[in-house]
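What follows is a set of notes on a single structure, which appears directly below.
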Amino acid sequence: MARILTIANLNCDHILRLSRPLTTGARIHYEDLGKRIGGGAANTGTALAWAGHQVALLSQVGSDDLGDWLLQQAEKLGLDCQQVHRHPGPTQALQLLMEPDGERTILRPNRPRLLLPASLSHQPMDALYVNLTAEGLPQLMQSVLPQATVIAQLPKDLSRRPCHYLITSVDDLGQHHIDDPWLFGQQIAGSSLQAFIVTQGENGAIAYTQDRSFSVAAVATEVIDTTGAGDAYAAGLIDGLLQQQDLQHAMEQGARWASFALQSASSIPSEKLRSFLKHTQG
């Protein structure tokens, strides 16, 4: 069992299921499916907790009933919420527009940036996972590199993310017209980078290292909802790395865990993943 600190968003997703894909100027019918817990903190953290790890969240919610509800849901999933900050004002839900094929559009509200502690030296950890942007974050990550495995998602603003493993999707990377993915990854992650991993949906994922690049296939599965698949992939990858698997096997595990997320009408990991973990871990 590893100790993992996850710095990521803890969200309330408000789900609207659309009758057809979004198009500019269209009038589209929808079904209101209510709210559910989501965000990288819940999605990645829950899968890791189900795999037997101690997962603590460093995140924030508002000072309202919805914030209370999110914390209750996260704690029920086995997540340690003692470091979740309560910012003044309401918790604003994300509006998640689900298309018939499982693809989604996310309307994200403006919210205050997370207030980070001055240091993490007091907190023993085996891994740090980062999936948000906050002032002072690069310095915190740099300080953790000698003591723990650091994994991060590529930030939208391309700010520094000192880490050992950097993850992004081909859609996010494609916005930046990159000629040399490894060099680009090093510019974000620094000299500690061991691999830059780019997920490609049904086409699997490709890893770039200093010496080579290689691909790992996706797991073929029915797609019900794509929300949270990338978070589940990250969880499977992290668990594999913490079990000392080589990178290819850790990526294969990430693909397997992501396939369970795709089969579920939920952003948090499905019960199918929980059953799979119970079976494989004896």
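Every heavy atom of this structure was used, including side-chain atoms; hydrogens, water molecules and symmetry mates were not.
- With 3.5 Å as the limit, one finds a donor-acceptor pair spanning the side chains of D239 and Q243.
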For this session: Carefully, step by step, assess D80 and Q54 under the rule side chain to side chain contact (heavy atoms under 4.5 Å, CB included).
Result: CA-CA 8 Å; D80 180 348; Q54 295 178 349; over 6 Å; no
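- Geometrically, K35 engages W69 in a cation-pi contact, judged by NZ or CZ lying under 6.0 Å from the ring centre and within 45° of the ring axis.
- Remark: the D171 side chain and the S169 side chain contain no N/O donor-acceptor pair separated by less than 3.5 Å.
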Problem set entry | Pair V150-Y165, side chain to side chain contact (heavy atoms under 4.5 Å, CB included): steps then yes or no | CA-CA 7 Å; V150 181; Y165 298 92; over 6 Å; no
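- Under a cut-off of 6.0 angstrom, the local environment of CD in Q82 is sparse, with at most 12 non-hydrogen atoms contributed by other residues, nucleotides or ligands.
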For this session: Output, in order, the C-alpha distance, side-chain angles, deciding distance and verdict of side chain to side chain contact (heavy atoms under 4.5 Å, CB included) for L247 and V216.
Result: CA-CA 10 Å; L247 181 58; V216 172; over 6 Å; no
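- Under the 3.5 Å distance criterion, with hydrogens and angles disregarded, no donor-acceptor pair is assigned to the side chains of Q210 and Q194.
- Between F184 and H176, the two ring planes are parallel [angle under 30°; tilted spans 30° to 60°].
- One finds the CZ atom of R3 at 11.5 Å from the CG atom of L5 (value rounded to the nearest 0.5 Å).
- With hydrogens and angles disregarded, a donor-acceptor distance shorter than 3.5 Å links the side chain of S59 to the backbone of A8.
- Taking every heavy atom of both residues into account, L66 and C12 meet most closely at CD1-SG, 3.8 Å.
- Nearest heavy-atom pair across A47 and L273 is CB-CD2, 3.9 Å.
- Annotation for Y30: atom OH does not count as buried by contact number, only 12 or fewer foreign heavy atoms lying within 6.0 Å.
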For this session: Could you walk me through whether Q245 and E252 pass the side chain to side chain donor-acceptor pair (under 3.5 Å) test, one step at a time?
Result: CA-CA 10 Å; Q245 295 178 9; E252 289 172 354; over 6 Å; no
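- By the 4.5 Å heavy-atom criterion applied to side chains, L277 and W257 are counted as neighbours.
- With contacts defined as side-chain heavy-atom distances shorter than 4.5 Å, the pair L79/L10 does not qualify.
- Using a distance-only test at 3.5 Å, with no hydrogens or angles considered, a donor-acceptor pair links the side chain of T44 to the main chain of D231.
- Here E202 contributes atom CD and Q200 contributes atom CD; the two are 10.5 Å apart, rounded to the nearest 0.5 Å.
- Within the 3.5 Å criterion, the main-chain N or O of I206 finds no donor-acceptor partner in the side chain of S215.
- Follow the hydrophobic side-chain contacts under 4.5 Å out from L140 and you reach M125 in the same cluster.
- In this structure, a donor-acceptor pair under 3.5 Å is absent between the side chains of T46 and R274.
- Atoms CD and CG, on E103 and L22 in that order, are 11.5 Å from each other to the nearest 0.5 Å.
- One side chain, H14 or Q95, offers a donor N or O that lies under 3.5 Å from an acceptor on the other.
- Under 4.0 Å is where a charged nitrogen must lie from a carboxylate oxygen, and between R20 and D101 no such pair does.
- More than 12 heavy-atom neighbours from other residues, nucleotides or ligands sit within 6.0 angstrom of CD on Q139.
- A salt bridge does not link D32 with R17: every distance from a Lys NZ or Arg NE/NH1/NH2 to an Asp or Glu carboxylate oxygen is 4.0 Å or more.
- One finds the OG1 atom of T149 at 6.5 Å from the NE2 atom of H164 (value rounded to the nearest 0.5 Å).
- Within the 4.5 Å cutoff, the side chain of N9 has heavy atoms near those of the R108 side chain.
- Considering all non-hydrogen atoms of both residues, P162 and S192 come closest at C-OG, 4.4 Å.
- The side-chain heavy atoms of S121 and V144, taken from C-beta on, include no pair separated by under 4.5 Å.
- The backbone N or O of R86 sits nowhere less than 3.5 Å from a side-chain atom of Q60 that would complete a donor-acceptor pair.
- V130 and V84 sit in two unconnected hydrophobic clusters of ILVMFWY residues. Membership requires side-chain heavy atoms under 4.5 Å apart, directly or through other members.
- Using a 4.5 Å heavy-atom cutoff, the side chains of K76 and Q73 are in contact.
- With values rounded to the nearest 0.5 angstrom, I4 atom CD1 is found 5.0 Å from L242 atom CG.
- In this structure, S63 and H87 approach most closely via the heavy-atom pair OG-O, 2.9 Å.
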Problem set entry | Test side chain to side chain contact (heavy atoms under 4.5 Å, CB included) applied to I7 and M141, step by step | CA-CA 10 Å; I7 304 179; M141 296 174 69; 6.0 Å; no
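- Linking Ile, Leu, Val, Met, Phe, Trp and Tyr whenever their side-chain heavy atoms come within less than 4.5 Å puts W182 and L154 in one cluster.
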For this session: Begin with the C-alpha distance, continue with both residues' side-chain angles, and end with the deciding distance and a verdict on side chain to side chain donor-acceptor pair (under 3.5 Å) for R27 and S19.
Result: CA-CA 10 Å; R27 296 185 180 184; S19 60; over 6 Å; no
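- The two residues A127 and A148 have their closest heavy-atom pair at N-CB, 3.9 Å.
- At most 12 non-hydrogen atoms from other residues, nucleotides or ligands lie less than 6.0 angstrom from CG of D179.
- Not one N or O on the side chain of S275 forms a donor-acceptor pair closer than 3.5 Å with the backbone of K272.
- With H53 contributing its side chain and A2 its backbone, the two residues share a donor-acceptor pair below 3.5 Å.
- Between Y129 and Q153 the shortest side-chain heavy-atom distance falls below 4.5 Å.
- Remark: side-chain polar atoms of S213 are not paired, donor with acceptor, to backbone N or O of Y208 under 3.5 angstrom.
- Atom NE2 of H249 has 12 or fewer neighbouring heavy atoms from other residues, nucleotides or ligands inside a 6.0 Å radius.
- Of all the heavy atoms in P21 and I28, the pair that sits closest is O-CD1, 3.5 Å.
- Counting only distance, with no hydrogens or angles, the side chain of T209 and the backbone of A195 share no donor-acceptor pair below 3.5 Å.
- In this structure the side chain of E135 never reaches within 4.5 angstrom of the side chain of L114, judged on heavy atoms.
- A single hydrophobic cluster is not seen to contain both L262 and V219; linkage of ILVMFWY side chains at heavy-atom distances under 4.5 Å, directly or through other members, places them apart.
- Hydrophobic clustering of Ile, Leu, Val, Met, Phe, Trp and Tyr side chains at less than 4.5 Å, counting indirect connections, unites L94 with M98.
- Judged by distance alone, the side chain of N11 and the main-chain N or O of D13 form no donor-acceptor pair under 3.5 Å.
- Rounding to the nearest 0.5 Å gives a distance of 8.5 Å between CD of Q186 and CG of D180.
- Taking the side chain as every heavy atom from C-beta outward, L16 and L96 never approach each other to under 4.5 Å.
- Checked by atom type and distance alone, the side chain of D172 never pairs as donor or acceptor with a backbone atom of T168 at under 3.5 Å.
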